[in-house]
Participant: 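I have a structure here, written as structure tokens, and I will follow up with some questions on it.
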Amino acid sequence: MAQPNIFPTNDMMPAPLPKTNGAPSAGRTTAANGHYVNGAAPTTDASSERIQIVDDEKQFSPALTQQIQKWGLQNAGFDYDIVAVFGSQSTGKSTLLNRLFGTNFDVMDETRRQQTTKGIWMCKAKNANLLVMDVEGTDGRERGEDQDFERKSALFSLASSEVLIVNLWEHQVGLYQGANMGLLKTVFEVNLGLFGKKTPDGRNQRTLLLFVIRDHIGTTPLANLQATLSADMQKIWETLSKPPELKDKQLSDYFDLSFAALPHKILAADKFESDAKELSRRFYDKSREDYVFSPLYHKRIPADGVAFYMEGIWEQVQNNKDLDLPTQQELLAQFRCDEIASAALTEFNEQAKPQKRPIESVVDGLGKMMRAWRKGALDRYDRDASRYHQGVYKRKRADLVGVIDSTLSPLFLGQLKNLHKACLVKYKQEMIDGMRGEGYNFAEVVAAARERLEKRFLDGAKEALVEGTDWSYEEELQLLRDEARSVADQCRKDETKKMVNVIERNFKKQISEPVDLYLNKPTSDMWDKVLKVFRETLEKAEASYLGKAKSFDCTEEEITTALATLRKRAWLALRAKIDEQTADAVFLGKLRTYFEERFRYDENGVPRVWRPDDDIDGAFRKAKEQTLELIPLYWKIKPTDPSLEFSLPSETSDSLTSSEEFDFPSTLVVFSETRALDLTNRFRRDADAFYVEAKRSTVSSVAQIPYWIYGLIAVLGWNEAMFVVFNPVYFAMLVLLLATFYIIIQLGMLGPVLQILKTLGGEVHRQVDHRLREYVMQSQPVPVSASSRSRSRGDEAEKESRRIKAEPM
């Protein structure tokens, strides 16, 4: 069932008509605000005048010929066009014509919302030889069930115009009566019988049906609305009762279909105005591909004969019995069937009302409930309405079925969407649960979860189906399958990423110790050893990945990409380890160690004690040259064995992290030339320090006390020594000191005793210094400046004393 339009229609803003001088036309009243509610103000410009060519009493106006002369079309010949509008009452037809062609047809008074256009009106378009007909709307409450004028006016506008604008709301698309499809069917049948014969020049009389869809909010694309309307028109044509000679004719033989959409006139006013202007250009700009007035549509009637031509058409329409009102039996059947259908529909709506509110979860047993509601409504209708006219009964039953199905269809679609969400959530959880732990087979987990997913969805969707409808869940099922495939692909990517990360961590652990060992013991084949262990470890990592990739059901392309990523990461891990071992501080330490081993130690690894006659300069040069040879060795990763060289494509990128290009050749260079020169200079400074130290050690070994000094000391100190030896007191003290010194040495307390003596001496010195400073300050007062200078000197003295105490005794 079509949902009621909850928005204001496009005509809820009455457009002001131009004010002019002169008396208003007969039958119209002037509004107090200067607008003309039921007619237009007369104007001094004859081209903007309008005329009622058929009044509401079905009488054709004889003044059309005179009005055409006023419009200046008497001598236009074939250089003119005719366009008419068709549609339900109060759908904004007059407003649309005024916007498109600059006419001044009456528009609806929003405060009263009643019929505005009565009969058929005609006006000349602004700045063009274009006659525009505004036709009374169909389905108006003023005429009620009197469809005679609706049919005749629709047939007249179809037969006399080149372009018939079918004006309808978006929500009317897909409806039978709401979109006037029943009326169009009747008009098509009569039009085919009256005017379906070929013209004197041997061609079919063609008309363009331009469907203008109003209040188009964009939720349903125009292409989908176009497809629906085209299918409805084709269905109508196929069910027509055609004359025998025209039974093989197709809709395209007599009619062309075109479509346009306009947004809401109030809620999207600016967009409405711009789209209306764009649509208007299709009627004026002959250079456009979508220009509506094709020569095929022209009736080939000169402008001075249009009035007589239209009058003849109206007489044919008036005298046609196929457009008469239905019989009294049919009227009764229509009334009672509508009444019975309304009662059945009311009961149905009461039953379905609780489920119409938005529900975000699956409703158990919804299909069973919908089938019961539908069957109950139809059974009640069949029981009470089957006694009436069978044609009306079946037609109204089909309408009732359509309304019921249109009400239940959103519930069915909502059930499918909720079922879709619930099944997808359950599927994701099953995927996560299945991938917990070790040793799972990813392909088996996915296959089992997908099988359960489809079973749950199909069970729920089949339960929600209602027999006798054209509902289908295949589209939703395919969408669910696509989303499930996307979820599985994402899980596979995530798990593959985790697996590669684990393999990468294990790779780093395995190469860390061997690379450290080889880089700390530089040899000519150092890089051969490093790359060999790198290749062996990488092969194990690749084998580990390939073994697990089979269970993930990965494609060849994914495996190739993952292996390339793994190789890149492995190489970067090796390169990071090399960078760690060749950092400036670390590498300078290696150079110093290597230099020391060759300069400060001999061939047997024994430390050297330099003597004045040793060749220090030669040993220094040799050790330095050997050490500097390490810089070219570490400068670039280049093995002596070409088979051990490793390479990666320059365009290799890590598909699991980023898409940045990878420049492999640049990673082979460990040191740049600038960095190598800087390391060389820094090492030379360190080596020079070792050389200077060695030279100083030879000087200190030369500076010895001459032996004759010892003899001189013995001669000069003989008397004092004898005095000490032969004096009992001094001798006893000497023996006591020697014994104490011996005991301290034997007990290993020499160090602590010296430290105590040093501390004690320092404390005595500090106390004496402090006491002297206090005594001087109390006994001799000085000015502030002098006191400050004295305090500064005292502080400096204290610092000097602390420095002396800190020096080893």
Participant: Quick check: does any side chain N or O of Asn129 sit under 3.5 Å from a backbone N or O of Asp79, one acting as donor and the other as acceptor?
Facilitator: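 Judged by distance alone, yes, a pair lies under 3.5 Å.
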
Participant: Taking all non-hydrogen atoms of both residues into account, name the closest pair between Leu130 and Ile82 and its distance.
Facilitator: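 Smallest heavy-atom distance, with atoms named: CD1-N, 4.1 Å.
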
Participant: Is the side chain of Ser94 donor-acceptor paired with the backbone N or O of Asp106 at a distance under 3.5 Å, no angle test?
Facilitator: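 Yes.
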
Participant: Mind listing the closest non-hydrogen atom pair of Ser88 and Gln172 along with its distance?
Facilitator: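 Taking every non-hydrogen atom into account, OG-NE2, 3.7 Å.
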
Participant: Nearest heavy-atom pair of Tyr309 and Ser160: which atoms, and what distance?
Facilitator: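 Result for this residue pair: CE2-CA, 4.4 Å.
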
Participant: If I compare all heavy atoms of Leu453 with all of Ala484, which pair ends up nearest, and what's the gap?
Facilitator: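 Smallest heavy-atom distance, with atoms named: CD2-CB, 3.5 Å.
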
Participant: Listed by chain and number, what are the side-chain contact (heavy atoms from CB on, under 4.5 Å) partners of Glu350, not counting sequence neighbours?
Facilitator: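 Glu350 satisfies side-chain contact (heavy atoms from CB on, under 4.5 Å) with no residue once adjacent residues are dropped.
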
Participant: For the residue pair Ser258 / Arg282, report whether a side-chain donor-acceptor contact shorter than 3.5 Å exists.
Facilitator: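 Present: a donor and an acceptor within the cut-off.
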
Participant: Give, for atom CZ of Phe86 and atom CG of Leu155, the distance between the pair rounded to the nearest 0.5 Å.
Facilitator: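 These two atoms lie 10.5 Å from each other.
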
Participant: Would you say the side chain of Lys265 lies within less than 4.5 Å of the side chain of Arg99, judging by non-hydrogen atoms?
Facilitator: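 Arg99 vs Lys265: side chains touch.
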
Participant: Considering residues, nucleotides and ligands other than Asp290, do more than 12 of their heavy atoms fall under 6.0 Å from its CG?
Facilitator: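 Check passes, neighbour count above 12.
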
Participant: Quick check: do Val83 and Leu131 have side-chain heavy atoms less than 4.5 Å from each other?
Facilitator: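 Result no, sub-4.5 Å side-chain heavy-atom pair not found.
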
Participant: Are any of the side-chain nitrogens in Glu278 or Arg281 under 4.0 Å away from the carboxylate oxygens of its partner?
Facilitator: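 Between Arg281 and Glu278 there is a salt bridge, with a charged N closer than 4.0 Å to a carboxylate O.
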
Participant: Please list, chain by chain and in numerical order, all residues satisfying ring pair (Phe, Tyr, Trp, His ring centres under 6.0 Å) with Phe255, sequence neighbours excluded.
Facilitator: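 Checked Phe255 against ring pair (Phe, Tyr, Trp, His ring centres under 6.0 Å); matches are Phe188.
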
Participant: Hey, can you tell me if Tyr291 and Phe293 have their rings parallel, tilted or perpendicular (30° and 60° cut-offs)?
Facilitator: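 Tyr291 vs Phe293 ring planes: perpendicular.
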
Participant: When Met122 is tested against each of Glu49, Gln67, Met133 for side-chain contact (heavy atoms from CB on, under 4.5 Å), which residue passes?
Facilitator: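 Among the candidates, only Met133 passes.
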
Participant: Pairs under 3.5 angstrom only: tabulate donor-acceptor contacts from the side chains of residues 218-229 to other protein residues two or more places apart or in another chain.
Facilitator:
unit_1: Thr228; atom_1: OG1; unit_2: Asn224; atom_2: O; d: 3.0

Participant: Applying ring pair (Phe, Tyr, Trp, His ring centres under 6.0 Å), name anything that partners Phe457, two or more places apart in sequence or on another chain.
Facilitator: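 If we apply the ring pair (Phe, Tyr, Trp, His ring centres under 6.0 Å) test to Phe457, skipping adjacent residues, there are no hits.
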
Participant: Applying side-chain hydrogen bond (donor to acceptor under 3.5 Å, both in side chains) to Thr469 and Asp405, what does each step give before you reach the verdict?
Facilitator: CA-CA 7 Å; Thr469 62; Asp405 290 350; 5.8 Å; no

Participant: Roughly how far, to the nearest 0.5 Å, is the CG atom of Leu97 from the OG1 atom of Thr103?
Facilitator: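 Taking OG1 in Thr103 and CG in Leu97, the distance rounds to 5.5 Å.
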
Participant: Under the side-chain contact (heavy atoms from CB on, under 4.5 Å) test, which residues partner Leu257, sequence neighbours left out?
Facilitator: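 With sequence neighbours excluded, Leu257 shows a side-chain contact (heavy atoms from CB on, under 4.5 Å) to Leu209, Phe211, Ser230, Met233, Leu251, Phe259, given in chain and number order.
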
Participant: For Asn349 and Leu345, indicate whether the former's side chain and the latter's backbone hold a donor-acceptor pair under 3.5 Å.
Facilitator: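 Here the side-chain-to-backbone pair exists.
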
Participant: Would Lys93 and Asp134 satisfy salt bridge (Lys or Arg N to Asp or Glu O under 4.0 Å), going step by step from the backbone distance to the final call?
Facilitator: CA-CA 7 Å; Lys93 300 185 300 299; Asp134 189 9; 5.6 Å; no

Participant: Kindly say whether Ala276 contributes a backbone atom to a donor-acceptor pair with the side chain of Ser280 at under 3.5 angstrom?
Facilitator: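 It does not hold such a pair.
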
Participant: Please identify each residue that fulfils ring pair (Phe, Tyr, Trp, His ring centres under 6.0 Å) with Phe412, with sequence neighbours left out.
Facilitator: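 Applying ring pair (Phe, Tyr, Trp, His ring centres under 6.0 Å) to Phe412 gives Trp471.
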
Participant: Ignoring hydrogens and geometry, is there a side-chain-to-backbone donor-acceptor pair from His298 to Phe78 under 3.5 Å?
Facilitator: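 Yes, because the side chain of His298 sits within donor-acceptor range (under 3.5 Å) of the backbone of Phe78.
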
Participant: State whether the side chain of Lys299 and the backbone N or O of Ser161 hold a donor-acceptor pair below 3.5 Å, judged by distance alone.
Facilitator: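 Here the side-chain-to-backbone pair exists.
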
Participant: Leu64 vs Met310, test: side-chain contact (heavy atoms from CB on, under 4.5 Å). Steps then yes/no.
Facilitator: CA-CA 10 Å; Leu64 180 57; Met310 287 187 171; 4.2 Å; yes

Participant: State, yes or no, whether a side-chain contact exists between Ile165 and Leu96 at a heavy-atom distance under 4.5 Å.
Facilitator: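 Contact flag for Ile165/Leu96 side chains = yes.
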
Participant: Quick check: closest heavy atoms across Val362 and Ala422, and the distance to 0.1 Å?
Facilitator: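 Answer, listing the atom of Val362 first, then Ala422: CG2-CB, 4.2 Å.
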
Participant: Rounded to the nearest 0.5 Å, what's the gap from OG on Ser294 to CG on Leu208? Could you check?
Facilitator: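 So the OG of Ser294 and the CG of Leu208 are separated by 9.0 Å.
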
Participant: For the atom pair CG (Leu262) and CD (Glu170), what is the distance rounded to the nearest 0.5 Å?
Facilitator: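 Here the rounded value is 11.5 Å.
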
Participant: According to side-chain contact (heavy atoms from CB on, under 4.5 Å), who are the partners of Lys271, at least two apart in sequence or on a separate chain?
Facilitator: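 Only Pro263, Ala268, Ser274, Asp275 meet the side-chain contact (heavy atoms from CB on, under 4.5 Å) criterion with Lys271.
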
Participant: If the condition is salt bridge (Lys or Arg N to Asp or Glu O under 4.0 Å), which residues does Lys417 pass it with, not counting sequence neighbours?
Facilitator: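 Listed in chain order: nothing, the list is empty.
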
Participant: Tell me every residue that passes ring pair (Phe, Tyr, Trp, His ring centres under 6.0 Å) with Trp314, counting only those two or more places apart in sequence or in another chain.
Facilitator: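 Per chain and number, Trp314 pairs via ring pair (Phe, Tyr, Trp, His ring centres under 6.0 Å) with Phe156.
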
Participant: Tell me which donor-acceptor pairs under 3.5 Å the side chains of residues 472-479 have, and how far apart each pair is, sequence neighbours excluded?
Facilitator:
unit_1: Ser472; atom_1: OG; unit_2: Glu474; atom_2: N; d: 3.2
unit_1: Glu476; atom_1: OE2; unit_2: His420; atom_2: ND1; d: 2.9
unit_1: Gln478; atom_1: NE2; unit_2: Asp482; atom_2: OD1; d: 3.2

Participant: Would you indicate whether the side-chain heavy atoms of Tyr80 and Ile68 approach each other to under 4.5 Å?
Facilitator: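 No; the side chains remain at least 4.5 Å from each other.
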
Participant: So, using salt bridge (Lys or Arg N to Asp or Glu O under 4.0 Å) as the criterion, who are the partners of Glu311 when residues are at least two apart?
Facilitator: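 By the salt bridge (Lys or Arg N to Asp or Glu O under 4.0 Å) rule, Glu311 matches no residue at all.
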
Participant: Who passes side-chain contact (heavy atoms from CB on, under 4.5 Å) against Ala269, sequence neighbours left out?
Facilitator: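 Applying side-chain contact (heavy atoms from CB on, under 4.5 Å) to Ala269 gives none.
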
Participant: Does a side-chain N-to-carboxylate-O contact under 4.0 Å join Asp256 and Arg206?
Facilitator: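 Yes, this pair counts.
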
Participant: For Trp71 versus Cys123, what's the shortest heavy-atom pair and its separation?
Facilitator: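 Answer, listing the atom of Trp71 first, then Cys123: CZ2-CA, 3.9 Å.
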
Participant: Output yes when a side-chain donor or acceptor of Gln415 lies under 3.5 Å from a complementary backbone atom of Val363, and no otherwise.
Facilitator: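 Yes, Gln415 side chain to Val363 backbone: donor-acceptor pair under 3.5 Å.
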
Participant: Could you tell me whether the side chain of Val54 reaches within less than 4.5 Å of the side chain of Gln59, counting heavy atoms only?
Facilitator: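 Side chain of Gln59 against side chain of Val54, heavy atoms only: no contact under 4.5 Å found.
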
Participant: Is there a salt bridge (Lys or Arg N to Asp or Glu O under 4.0 Å) between Glu483 and Lys421? Walk through the geometry before answering.
Facilitator: CA-CA 10 Å; Glu483 291 192 17; Lys421 294 178 183 177; over 6 Å; no

